[in-house]
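So the structure is just underneath, and the comments pick up after that.
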Amino acid sequence: MAENDLKGLNLYELEDCLKLPKFRAKQIYHWIHQKHVVSFDEMANLPLDVRKELKENFYISSPKVLKKQRSKDGTIKYLLELEDGELIESVYLKGGEDRFTVCVSSQSGCSLGCKFCATSKMGFKRNLLPGEILSQVYMMPKVNNVVFMGMGEPFLNYENVLKAVYILNSKEGINLGARKITISTSGIVEGIKKLADEKIQVRLAVSLNSAVEELRSTLMPVNQKYPLSELWEAILSYQRKTNRRITLEYILLGGINDSDKDLSALVMFCKGLDVNINLIPYNFYGGEFKVSSKEKSSHFIEKLKSKGIESVLRVSRGNDIAAACGQLVAFNPRG
Ligand code: SF4
């Protein structure tokens, strides 16, 4: 049962739950969060009777790897089965010599129905627990960058996502720098406001995809609840409180959001905000949209630059195994 899973507990909760001396709880925390063991038998510095008692009362969750696919560019996609049979995907990307990124899911499926996203086709299954989020990081060989850009809307699972973030950042855990953690939201205004008040300085990205009200509402139904003006206000107030630049993500959809009118609306949206823009080539090849032309993306970059807005065209990774942005969707290969 999930409440007996020790992986999702921070150090204070672990001390409280185990009723063992503090140094013992810390040893166990190190085994789980630094050495990533999933069996009490491996905790060699614990007396046998302590290990036995732990085994009788608790466990350390670990998802089952159902499938592992490697892309030509080295990206690896994992299909994972959670304890209750729900499925998620995680993606491991190597960038250069020393950048090891894991793109984690925060929910199984998603309820938000963005038109360009494969995950939305799954519908919403459930929120992930903190331990299930951490497992996606701990199962990778080496990680120095974590992005919440897999399945799901992180701010609709705010408490569990932030708990996992604090554990990742903890000195007794893997001590991952807060600036090495990025949370990407579709624009859940309450989440942006809450994050501004957190003690931790993680990076924030907002998946914008259109700054034209009607079009954004069509592409991302979440815009009907949180229209552009509210989103803009939330970003501004986040920046006033934190002094942090944010990233706007913009998937270029050929003939849909890549016209001059779309570009002008994007420039207008950026006014007064400290942002950089990630332009993302459309990736979901089974989907209903087309890729935007190279000329269009270059035009976007040049125009944004002329307006003093930094932007980059993101190189798509893991396309051939459907591991790129917007492609994650999980179905059980066993049928
Ligand atoms: S893009 Fe993100 S928020 Fe939108 S449906 Fe996909 S997973 Fe959900």
>> Can you give me the closest heavy-atom contact between G113 and S120, atom names plus distance?
In response: CA-CB, 3.6 Å
> Counting only heavy atoms not in K303, do more than 12 sit closer than 6.0 Å to its NZ atom?
Replying inline: yes
>> Regarding E159 and K194, does a basic nitrogen lie under 4.0 Å from an acidic carboxylate oxygen?
In response: yes
>> Applying side chain to side chain donor-acceptor pair (under 3.5 Å) to E83 and S61, what does each step give before you reach the verdict?
In response: CA-CA 8 Å; E83 225 170 277; S61 65; 5.0 Å; no
> Taking only residues two or more places apart in sequence, or in another chain, which ones meet N127 in a side chain to side chain donor-acceptor pair (under 3.5 Å)?
Replying inline: Q107
> For the rings on F116 and F289, is their centre-to-centre separation under 6.0 Å?
Replying inline: no
>> Run the side chain to side chain donor-acceptor pair (under 3.5 Å) test on E172 and H33 for me, step by step, so that the C-alpha distance in whole Å, both residues' side-chain angles and the decisive distance to 0.1 Å come before the verdict.
In response: CA-CA 8 Å; E172 306 295 342; H33 298 287; over 6 Å; no
> Under the salt bridge (charged side-chain N to carboxylate O under 4.0 Å, His left out) test, which residues partner E230, sequence neighbours left out?
Replying inline: none
>> Which residues pass the side chain to side chain contact (heavy atoms under 4.5 Å, CB included) test with S170, not counting sequence neighbours?
In response: Y29
> Residues in ring pair (Phe, Tyr, Trp, His ring centres under 6.0 Å) with Y250, at least two apart?
Replying inline: F300
>> Does this structure show an ion pair linking K94 with D73, if we count only N-O contacts that are shorter than 4.0 Å?
In response: no
> What is the minimum heavy-atom distance between L128 and S108, and which atoms define it?
Replying inline: CD2-N, 3.8 Å
>> Quick test of your reading of the model: are R245 and E310 salt-bridged, counting only N-O distances below 4.0 Å?
In response: yes
> Taking N169 for the side chain and V165 for the main chain, is one N or O donor matched with an acceptor at less than 3.5 Å?
Replying inline: no
>> Just checking R99: does its CZ atom have more than 12 heavy atoms from other residues, nucleotides or ligands closer to it than 6.0 angstrom?
In response: no
> Would you call K77 and E89 a salt bridge, using N to O less than 4.0 angstrom?
Replying inline: yes
> Between E13 and K163, is the closest basic N to carboxylate O distance under 4.0 Å?
Replying inline: yes
> Side chains of Y226 and E190: donor-acceptor distance under 3.5 Å anywhere?
Replying inline: yes
> Charged N to carboxylate O under 4.0 angstrom, R126 versus D84?
Replying inline: yes
> Is any NZ, NE, NH1 or NH2 atom of the basic residue among E198 and K241 found under 4.0 Å from an Asp or Glu carboxylate oxygen of the other?
Replying inline: no
> Can you name the nearest heavy-atom pair linking V143 to V137, along with the distance?
Replying inline: CG2-O, 3.8 Å
>> For a 4.5 angstrom cut-off between non-hydrogen side-chain atoms, does F269 reach L248?
In response: yes
>> In the structure I gave you, are the side-chain heavy atoms of R216 and P227 within less than 4.5 Å of one another anywhere?
In response: no
> With sequence neighbours excluded, what pairs up with Y158 under the ring pair (Phe, Tyr, Trp, His ring centres under 6.0 Å) test?
Replying inline: F155
> Which side chain to side chain donor-acceptor pair (under 3.5 Å) pairs, counting each pair once, include a residue from residues 139-152, with sequence neighbours left out?
Replying inline: T101-N145
